[in-house]
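Here's the structure we're looking at; comments come further down.
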Amino acid sequence: MLKMSTLFLRTLRDDPADAEVTSHRLLVRAGYIRRIAAGIYSWLPLGVITLRNIENVVRQEMDAAGFQEVHFPALLPREAYETTNRWEEYGPSLFRLQDRKGGDYLLGPTHEEMFTLMVKSEYSSYKDLPLSIYQIQTKYRDEARPRSGIIRGREFVMKDSYSFDIDNAGLDVSYQKHRDAYISCFNRLGLKYNIVKAVSGAMGGSKSEEFLAPCDTGEDTYVLCPSCGYAANVEAMVTKVPAGDPSGVPALEELDTPNTPTIDSLVAIMNEKFGAGHSAADTLKNIMLVADGKPIAVLVPGDREVDLKRLQENLGGVHELRVFEEADFAKHPQLVKGYIGPQDAAKSGITVYADPRVAPGTSWISGANKKDRHARFVVNGRDFTPDAYIEAAEVRAGDACPECNTEVIIDRAIEIGHIFQLGQKYAQALDLTVLDNNGKSQVVTMGSYGIGVSRAVAAIAEQTSDAIGLNWPVEIAPAKVHIVATGKEDLPFDTALKLGEDLEAIGISVMLDDRRDASAGVKFKDAELIGNPIIVVVGKALADGNVEVRVRSSGEKQEVTLGHAVAKITELLK
RNA sequence: CGGGGCGUAGCGUAGUGGCUAGCGCGCCUGCUUUGGGAGCAGGAGACCGGGAGUUCGAAUCUCCCCGCCCCGACCA
């Protein structure tokens with residue numbers, strides 16, 4: 001039983017000045033966490049209990065799915081990360097350190113290598129597969145900008161699992177098992193979430209989905225179709241635009257368009273010279289970028305910006321992507337800034353990517369590759385041909401759902417889980433093979449599955465808290481029942497203690513506010529701030545043989561006789 | 001790394017060249033109080049982020065450094 005008279009806890013009356021988002025503010029105020037450095041937090045007793053409760057839900061669901069728990073060191077030698085080149089590739093986000101002999105070490109940001117090498121050293125036959133193993137581990141990433149308290153820290157707790165299969169059919173099964181386990185897990189945690197299509201990003205691999213918990217402070221943006229339920233991270237959103245019919249479009253015509261280096265100025269002069277009705281959506285924006293040192297051109301409709309993050313994810317394997325600077329234009333004199341068109345791209349040898357919105361057969365107003373000149377009736381497939389199509393344009397609310405054409409909505413969320421099919425990337429790099437039933441060596445295929453455990457504390461706090469404090473779901477609250485004893489006599493305190501013991505005897509965890517020197521008001525405020533699901537007040541009503549039972553989430557309160565309190569509480573907790 | 005804001009007691013803050021750095025919360029002692037962050041009285045607690053400078057005099061002005069928060073870049 002957590003007794004507040006001795007609990008290591010100090011709640012704060014004021015919001016801490018360095019906390020902005022709700023979860024951070026309340027977790028600090030209610031005494032769950034304290035900041036130690038940017039993105040690094042200490043967990044106080046209430047925080048530790050809450051974190052452990054979440055860990056245990058995750059652990060139980062993983063175990064129930066037949067996955068096995070292991071535990072790797074957080075402190076790792078450089079060698080493992082060299083084999084996959086990540087000592088270099090991971091860049092400044094990797095916490096690096098040296099031992100006394102000058103040997104290089106790192107604090108693990110993720111453990112693909114460790115899992116892969118571990119399986120390699122133990123297993124060598126297809127008969128050992130499938131296998132899924134997981135750990136709950138503290139991870140370290142030197143984030144460029146830690147933010148939002150516990151949501152994006154530099155030290156955080158993550159559950160990561162990996163599946164090992166002999167072939168893709170097996171991987172599909174393992175993936176599905178994880179997906180199912182995640183669903184039961186997040187349901188038990190009381191989180192609202194969407195399962196969203198994702199791009200697998202820097203980790204490589206194919207199929208990938210994210211579990212996103214919608215909330216305003218989330219840093220992920222995703223689209224959701226209100227009609228068919230299609231959901232995708234904006235980076236993975238697919239655009240389906242039908243091909244145009246160019247049959248009636250006149251031949252390409254070059255135009256005098258003095259002083260029109262921007263879309264706005266171009267549209268203005270078009271309306272002036274060729275009649276009203278032109279809009280930015282009729283123009284073709286030709287954005288020059290440098291992808292890992294190579295110049296590329298990206299075509300998007302003039303009324304849309306290029307979403308660099310989306311573009312980079314879809315380019316795949318590109319580490320550095322930036323827009324052209326003056327120096328880049330200087331190296332390519334044929335590119336007239338403000339008047340670039342794709343018509344001559346074939347000659348220049350620059351790869352041209354088109355957003356799907358620039359569909360085959362569509363006709364555009366584009367730059368003419370000469371200063372103060374544009375061209376109209378520029379038809380894709382007739383006057384230029386993109387080298388490839390790629391999702392690059394920004395996604396907007398109201399864009400068409402690729403499945404059913406309904407207008408999608410856009411929302412923000414916290415990423416609490418990510419599952420994806422890694423394929424053979426790591427197995428190949430680290431030479432993880434097993435013998436198949438023909439005695440032939442086969443590269444194992446892997447899946448990777450993460451849950452942000454410490455982040456889930458924040459996500460749940462974000463979704464469930466209200467104006468007066470935290471408000472935990474039953475499974476993860478530090479205690480299921482918060483008993484407040486009021487008054488100055490011994491009776492309410494003795495009664496409260498007895499009630500607490502009765503509850504704990506049947507497995508219901510209890511926090512007891514047995515502070516003699518705190519006023520009733522202080523105790524009520526603290527109980528509400530701390531956020532346990534049931535609050536029982538043992539005080540005034542005792543004169544009638546009653547206690548007051550309150551439900552934190554609804555604010556609903558009722559008096560029950562002392563004799564019925566345990567039954568009532570048990571019922572409310574169901 | 002770019003832009004913005006900030007750094008004064010455990011927490012929240014006032015103080016923009018002048019006297020002993022002020023207030024609220026919290027903490028300690030005593031008395032009163034005890035169902036919505038109680039009252040009175042007394043008290044402890046601050047190298048004013050660090051360093052250098054300007055000045056008779058610096059929390060306050062200047063420069064450098066460190067740290068924190070927000071937006072962006074970045075982010076399995």
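Every chain is numbered from 1, with letters handed out A, B, ... down the list of sequences.
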Exercise. Answer with base, sugar-phosphate or nothing: what part of the nucleic acid does A/Ser93 contact at a heavy-atom distance below 4.0 Å?
Key: nothing
Quiz item: Under 4.0 angstrom, heavy atoms only, what part of the nucleic acid is A/Asp526 near: base, sugar-phosphate, or nothing?
Solution: base
Quiz item: Between A/Arg515 (CZ) and B/rC27 (C1'), how many Å, whole number?
Solution: 14 Å
Quiz item: Roughly how far apart, to the nearest Å, are B/rA9 and B/rG22 at atom C1'?
Solution: 12 Å
Exercise. Establish, from distance only, whether the side-chain atoms of A/Tyr449 and A/Ser163 form a donor-acceptor pair under 3.5 Å.
Key: yes
Practice problem: Heavy atoms under 4.0 Å is the rule here; annotate nucleotides 66-73 of chain B 5' to 3' with B where the base is hit, S where only the sugar-phosphate is, and - elsewhere. | Solution: --SSBBBB
Practice problem: Quickly work out the A/Tyr90 OH to B/rC74 C1' distance and round it to whole Å. | Solution: 12 Å
Self-check item: Distance-minimising heavy-atom pair for A/His482 and A/Asp513
Solution: NE2-CB, 4.2 Å
Practice problem: Answer yes if the ring centres of A/His111 and A/Tyr162 are under 6.0 angstrom apart, and no otherwise. | Solution: no
Quiz item: With a 3.5 Å cut-off and no angle check, do the side chains of A/His24 and A/Ser148 form a donor-acceptor pair?
Solution: no
Quiz prompt | Base partner of B/rC48, which must satisfy Watson-Crick or wobble distances under 3.5 Å | solution = none
Quiz item: Could you give the NZ-to-C1' distance, from A/Lys523 to B/rU34, as a whole number of Å?
Solution: 9 Å
Practice problem: Kindly indicate whether a cation-pi arrangement holds for A/Arg550 with A/Phe524, taking the cut-offs as under 6.0 Å to the six-membered ring centre and within 45° of the axis. | Solution: yes
Quiz prompt | Of residues 539-554 of chain A, the positions that come close to RNA chain B - non-hydrogen atoms, cut-off under 4.0 Å | solution = A/Gly539, A/Lys540, A/Ala541, A/Glu548, A/Arg550
Exercise. May I ask you to say what A/Lys309 touches in the nucleic acid, namely base, sugar-phosphate or nothing, with a heavy-atom cut-off under 4.0 Å?
Key: base
Quiz item: Distance between the P atoms of B/rC28 and B/rG45, in whole angstroms?
Solution: 15 Å
Quiz item: To the nearest angstrom, how far is A/Arg516 atom CZ from B/rU32 atom C1'?
Solution: 18 Å
